[in-house]
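Presented below is the structure to which this report refers.
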Protein chains: 2
Amino acid sequence: MLDPVARVRRFNRAVTSAVGALDTSFLGRGRPLGAARVLNAIGHGRSDVAEIRDYLGLDSGLTSRLLRSLEDEGLVETTVHENDARRRVVRLTRAGRREFAAYEALSNTQADGFLDRHAQREALLAAMDLVASALTLDRIALNEMDPRSDEARYCLGEYYAELGRRFKQGFDVSLSRDPDAKDMRRPRGTFVVAISDTLPIGCVGLKGTDHGYAEIKRLWVAPAARGLRLGRRLMDAAENAARELGIALLRLDTNSALAEAGQLYRRSGWSEIPRFNDDPYPDLFFEKRL
Amino acid sequence: MLDPVARVRRFNRAVTSAVGALDTSFLGRGRPLGAARVLNAIGHGRSDVAEIRDYLGLDSGLTSRLLRSLEDEGLVETTVHENDARRRVVRLTRAGRREFAAYEALSNTQADGFLDRHAQREALLAAMDLVASALTLDRIALNEMDPRSDEARYCLGEYYAELGRRFKQGFDVSLSRDPDAKDMRRPRGTFVVAISDTLPIGCVGLKGTDHGYAEIKRLWVAPAARGLRLGRRLMDAAENAARELGIALLRLDTNSALAEAGQLYRRSGWSEIPRFNDDPYPDLFFEKRL
DNA sequence: CATGATGCCTGACTTTAGTCAGGTATGTGT
DNA sequence: ACACATACCTGACTAAAGTCAGGCATCATG
C-alpha cells in the first residue's frame, strides 16, 4: 500500500497543485507570468540580459520582448555594458523596485501564511529543507570562500553547535586547535562552502601547515542535506584543491562519536594512523596520499 | 540567515523548477499537456465530464474540445449517463488504456529514478510525505470506512507497530481488548480513516458498547502527518458521528507513554476518570460528555 | 405541457509562450 | 584592416490555453 514510488508520485501531485496556488504570487498583479518572472530575476540581482535568459531558460527573442514590455511599463531601464558595448545591463527603476517589493511582500505573506497554518513548524521546515536540497542536488554549488565570510561563519557555528550536542563532554572551540583563517585561504589552503539556492548547507576546510602535509578540517553537512552524498562531494573538492596546490599528503582528525564521518573517510581511501596532534577532542586520526 | 520564510521560499523555488522536470511524464508522448491531463484524469477513474472539469479546473468549452481531440485519437469514448441524458460519461477505449498505462509507466520510472539518485531513501520519503500532507492539508478526506477495509487494516497495523515500539513491554494485540469490527460500524459505532490523495494517513474508531457509553479506540496519525492537527480533526469526526448516533457519553483509555495523545484529550474537553476496564496496557482513562 | 434550469457542445476570439530566421552593432584574432 | 564571432534585437510565425456567447437537447416543476 505504501509503495515508495506511490509516495513520490503523491508528493509530485501535491506539489504540482500547490505550485499553481503558490505561483499566484507571480500573477495577481496584472502582468503575465513571463514578465513577472523577468522582473523578479532582475530584482534578485541578475542584471545581464544573458544571465536573465539562462536563469529563466528563455529564448533570446522572447527575453528581449519581455524586457521591452517591462520597459514600456517604466519598470526597468537598459544601459550598455561598460566593458562590452554589445551587451546590455538591465536595472530596476524606482517604480520597478516598488513593484518588485510588492511581489516580494506577496511571496513572504504567502510563505508566512503557509507556516501559520501548521503546528510543528520546525519539523515541517526541516522536511522542506531536505526535499529542496534533494531536488536541487545537481545545482548545489561548491564555492571556495573566505573562512571569515558570513556563509562560512554560519556553517562553522552550526558545526560547533552540533559537536557540542554530540560529544559527551560538550565542545568548546577555544580548547580545540582553531585554525587560523589564513591557513584556509589560497595559497596555503582553502575553504569550500556548499550553497543550495543561496542557503549554505555544508562546508569543509583545507588547512595548510608547515609540516609537509595539509589537514582537512570542519567537514560539516546540514542535517537537512544529509543522505545526498554531499560530504563526499565536499571531500572531493578539498582533495582537488589540495592537488592544485601541489599538496601530496593529507591528514585529519575526528572523533569516534561522529560515526558517519569515520565511515566516509574509510570508504574514500583514507587510512587510520596514530595520533599526530594533542587536540583534546579527536580520538581517531587518518591520512591519505594524493 | 536562515529565516523560516526564506526556507519556505527556497522550497517553493526548488519545487517550481523541479516540477517541470518531475512532471515531464505528461509530455513526451506527442500530446499537449491539457489532453494528457484529461486522459490521466479519466484513467484515474474520473468518468463524468463535470468531474473531470472540476478536478482539472478547466472551462467547460475547453474540456469539451480536449475530450473531442482524445476521441479523434481513438483513446476515449463517450456515452450518455444512464439516469440523466444531458450528462456524458467518458471511458477509455482499449487504445486509451494502453496509452494511460504508458503514462503511468513513465511516471513510475521517473519517480523510481528520482529515488535511485538518493541515499537515505526512507528519510527523504518521510520528508516528502510530511510536506505532501502539509500541502494537501485542506484536501485530506475523513471517510467513514469499514474497519476491515485495506485502508483501515493498514492504519491499524501501523498503530500496533508503533505501540510495540513505544511501550517498554511491547504490545501484543491479542492481550488487548481488540474491539469487534461490528462494534465499529454503524449503527453501533464507526471507523474513520483520513485519506490524503489515496494514501491513508490516520484513523480513529468509535466503538459502541452496551454500558451506556461508546469508546474512542485506535486513534493514530502517520508520523509523516503529525503536527498538522489531524488528531484533533479525527477526534472531532468521531465525536460528531457519536452525536449523530445519539451517544451522550464517550470514554477512552490510553497510556502515559503516549504523551501527545494525553495532551490532545485534555485540551479538547476530556476529563480523567478512574480505570473502567481491565485491559493490561492503558494506565490513563478519560471521559467526555457530549 | 409550458417554462426555466442544467449539462454539454461549437464557433469565434484573445492572450501567452515560444520558435526561427535574419539584421545590426560591437568585439576578437590575425 | 579584415573576417568571423558574439550579443541583442525585430518581424513573422505557430501552438496551446483559455474565454465568451450562444445553441441544443434534456430534466424538474408547477
Side-chain angles (χ1 to χ4, degrees), chain A residues 16-17 19-21 23-42 46-73 75-91, chain B residues 16-17 19-21 23-42 46-73 75-91:
Chain A
T16 313
S17 60
V19 156
D23 247 16
T24 50
S25 61
F26 269 29
L27 280 77
R29 293 194 64 76
R31 193 171 290 108
L33 184 61
R37 293 212 305 152
V38 170
L39 181 69
N40 278 277
I42 300 167
R46 263 152 273 257
S47 57
D48 272 36
V49 172
E51 207 183 346
I52 296 167
R53 212 162 48 206
D54 288 356
Y55 176 63
L56 299 175
L58 299 176
D59 169 87
S60 151
L62 183 52
T63 311
S64 193
R65 242 179 295 274
L66 291 172
L67 284 171
R68 237 35 70 221
S69 86
L70 290 173
E71 239 169 25
D72 292 348
E73 283 194 84
L75 302 178
V76 307
E77 52 194 16
T78 311
T79 52
V80 286
H81 192 279
E82 51 180 329
N83 303 326
D84 182 345
R86 292 169 304 179
R87 293 158 68 187
R88 299 286 148 93
V89 177
V90 190
R91 263 209 332 262
Chain B
T16 314
S17 59
V19 156
D23 244 16
T24 48
S25 56
F26 270 28
L27 279 79
R29 293 194 64 78
R31 191 171 292 109
L33 184 61
R37 294 212 306 153
V38 171
L39 181 69
N40 278 277
I42 300 167
R46 261 153 274 258
S47 56
D48 273 36
V49 172
E51 205 184 350
I52 296 168
R53 212 161 49 206
D54 289 356
Y55 176 63
L56 299 175
L58 299 176
D59 169 88
S60 150
L62 183 52
T63 311
S64 192
R65 242 179 295 273
L66 292 172
L67 283 171
R68 236 36 67 222
S69 87
L70 290 173
E71 238 168 27
D72 292 350
E73 283 193 84
L75 302 178
V76 306
E77 53 193 15
T78 311
T79 51
V80 286
H81 191 278
E82 47 180 331
N83 303 325
D84 182 345
R86 291 169 303 180
R87 294 158 67 187
R88 299 286 148 94
V89 177
V90 190
R91 264 210 330 263

Can you tell me how far [atom2] of [N] sits from [atom1] of [X], to the nearest Å?
{"X": "Asp59(A)", "N": "dG22(C)", "atom1": "CG", "atom2": "P", "answer": "15 Å"}
{"X": "Leu70(A)", "N": "dC9(D)", "atom1": "CG", "atom2": "P", "answer": "12 Å"}
{"X": "Leu62(A)", "N": "dC13(D)", "atom1": "CG", "atom2": "P", "answer": "18 Å"}
{"X": "Leu58(B)", "N": "dA16(D)", "atom1": "CG", "atom2": "P", "answer": "16 Å"}
{"X": "Leu33(A)", "N": "dA16(D)", "atom1": "CG", "atom2": "P", "answer": "19 Å"}
{"X": "His81(A)", "N": "dT6(D)", "atom1": "NE2", "atom2": "C1'", "answer": "14 Å"}
{"X": "Arg31(A)", "N": "dT16(C)", "atom1": "CZ", "atom2": "P", "answer": "12 Å"}
{"X": "Leu66(A)", "N": "dT16(C)", "atom1": "CG", "atom2": "C1'", "answer": "10 Å"}

Heavy atoms, side chains only, cut-off 4.5 Å: are [X] and [Y] in contact?
{"X": "Leu39(A)", "Y": "Arg29(A)", "answer": "no"}
{"X": "Val38(A)", "Y": "Leu58(A)", "answer": "yes"}
{"X": "Arg65(B)", "Y": "Ser69(B)", "answer": "no"}

Salt bridge (Lys or Arg N to Asp or Glu O under 4.0 Å) partners for Arg37(A), two or more places apart: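 Salt bridge (Lys or Arg N to Asp or Glu O under 4.0 Å) check on Arg37(A) returns nothing, list empty.
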
Nucleotides 1-9 of chain C: protein proximity per nucleotide (B base, S sugar-phosphate only, - neither; heavy atom, under 4.0 Å): -----BSSB

Whether Asp59(B) side chain and Gly61(B) backbone form a donor-acceptor pair below 3.5 Å: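 Confirmed, Asp59(B) side chain pairs with Gly61(B) backbone.
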
Given Arg86(A), Arg88(A), Arg87(A), the one that forms side chain to side chain contact (heavy atoms under 4.5 Å, CB included) with Val80(A):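 The residue from Arg86(A), Arg88(A), Arg87(A) that satisfies side chain to side chain contact (heavy atoms under 4.5 Å, CB included) with Val80(A) turns out to be Arg88(A).
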
Among dA17(C), dA16(D), dT19(C), the one nearest Pro32(A) by side-chain distance: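 Shortest atom-to-atom distance from the side chain points to dA17(C).
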
